[in-house]
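Working notes, beginning with the structure itself.
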Amino acid sequence: MKLIHTITELREYLATARKAGKSIGLAPTMGALHAGHLSLVDALAAKIPENSEIVVSIFVNPLQFNDPKDFERYPNTLQSDLDALAGTAATVVFAPSPEEIYPEGELTVLITSTGPVAFEGLHRPGHFAGMLTVVAKLFNIVQPDYVAFGQKDAQQLFLVRSMVRDLNIPLEIVVVPTMREADGLAMSSRNRFLDPENRADALALSAALQVAAKEDGVDAALAVATGILDKAGVALDYFALVDPDTFQEVSGDYHGKVLAIVAANVGPVRLIDNLLFELTTDD
Ligand code: PAF
C-alpha cells in the first residue's frame, strides 16, 4: 500500500494505473478509521475488477466543521489508520495537508440550488458546502470510476448523489450499509468520546429507529421514537421521517418507504443515525 501526500504524485501514479487498464475506486474518509470505513474498502473490492487501484483518502476537512472546537478535537490517527488499512484491499492512501487541498483558501465552494438544506444543514451551517466542496475536489483529483459512501451519513449521501447527477460526474456510487456495534450503536469516529454513561444513553438513537419501524402511521412512529429519546435524556436535534428519494419530510397518512433520521447530542458528542423501512398506515 502506497502512502501519497501530494496531488501531483497521486495523479502521476493513477495515470500510469489507468494506462495499464486498471479501474479506480475511492473511499473518502476523515481518518479515525473503524470497521465501518474498512467496509467501504471491502465494498469497492467486491464491486470493481481485480487488480484495480483502491484509494482511501484521509483528510480532516476544515471547511466542513461549523464548530472550530469540534475540528480541533477531531481525532488525527494516521499511523493507526495505516495499520488498519494494511489488511484490506486498499492500494493507495492519499493523506494531503490542508495547504495541499486549499492552497488559496476557499474562493470557490459548492452549495445546493435550494438554499439552506434542512436537518444537518440547519444544525451545522456551512457543513454541507464544505463537504460537497472537498468531495468534488477529491473526485477531480482521483477521477474514480467507483466511489464508496456509507448509508450512515444519509443526508450526505443524498447530496453527493444529487451533485453527481446534476454536475454529470462520470462515476458510480457504491452505497455501503451502516456498520453497528453488537448492541445496535452505529459505528462512528466520535463514539470514542462517549463515557460509559453517555455510551449507554446513545443506544436510544438506534432503539428509537427500531421502534419507529414497527409502528403504523407517521404520528405513531414519531411519538414512540421521541418518547424513547426523551426518556434517555439525550439533547435531540431532530427525529424525522423523510422520503428517501427527495429527503422531504413526510406527514399525515403517508405510507411507503421512509427513512427515519435522528440527530442528538449525547453528553458532549453529537451523533446521527438512520433507518430505512416500509411505513404502513394506521387504518
Ligand atoms: O463522511 C466523511 O467522512 C466526510 O464527510 C467526507 C465524505 C470524507 C468528506 O470530508
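Just so it is clear, the structure is predicted and the values come from calculations on it, not from any experiment. Atoms within each ligand, like the ligands themselves, are counted from 1 in listed order.
- Side-chain contact between Met30 and Gln64 is present, with at least one heavy-atom pair separated by less than 4.5 Å.
- Between Glu181 and Arg199 there is no salt bridge, since none of the side-chain N atoms of the basic residue sits less than 4.0 Å from a carboxylate O of the acidic one.
- For atom 3 (O) of ligand 1, the closest non-hydrogen atom of the protein is Met30 CG, 3.6 Å.
- A ring-ring contact (aromatic ring centres under 6.0 Å, His included) check over residues 99-126, counting only residues at least two apart or in different chains, returns the pairs Phe119-Tyr238, His123-Tyr238.
- Distance alone, capped at 3.5 Å, is enough to place a donor-acceptor pair between the Thr6 side chain and the Glu9 backbone.
- Looking only at heavy atoms of the protein, atom 5 (O) of ligand 1 is closest to Gln156 OE1, 2.7 Å.
- Closest protein heavy atom to atom 10 (O) of ligand 1: Gln64 OE1, 2.6 Å.
- Which parts of ligand 1 touch Phe149 is read off a 4.0 Å heavy-atom cut-off, strictly below it: atoms 7 (C).
- Heavy atoms of Thr29 found under 4.0 angstrom from ligand 1 belong exclusively to the backbone.
- Interface atoms of ligand 1 facing Met131, defined by a heavy-atom separation under 4.0 Å, are 5 (O).
- Atom numbering of ligand 1 starts at 1 in the shown order; those under 4.0 Å from a heavy atom of Val134 are 9 (C), 10 (O).
- Contact atoms of ligand 1 toward Pro28: 8 (C) (distance under 4.0 Å to a heavy atom of the residue).
- Residues Met1 and Thr91 are not in side-chain contact: their nearest non-hydrogen atoms beyond the backbone lie 4.5 Å or more apart.
- Proximity of His5 to Leu3: side-chain heavy atoms (C-beta onward) are separated by under 4.5 Å at one or more points.
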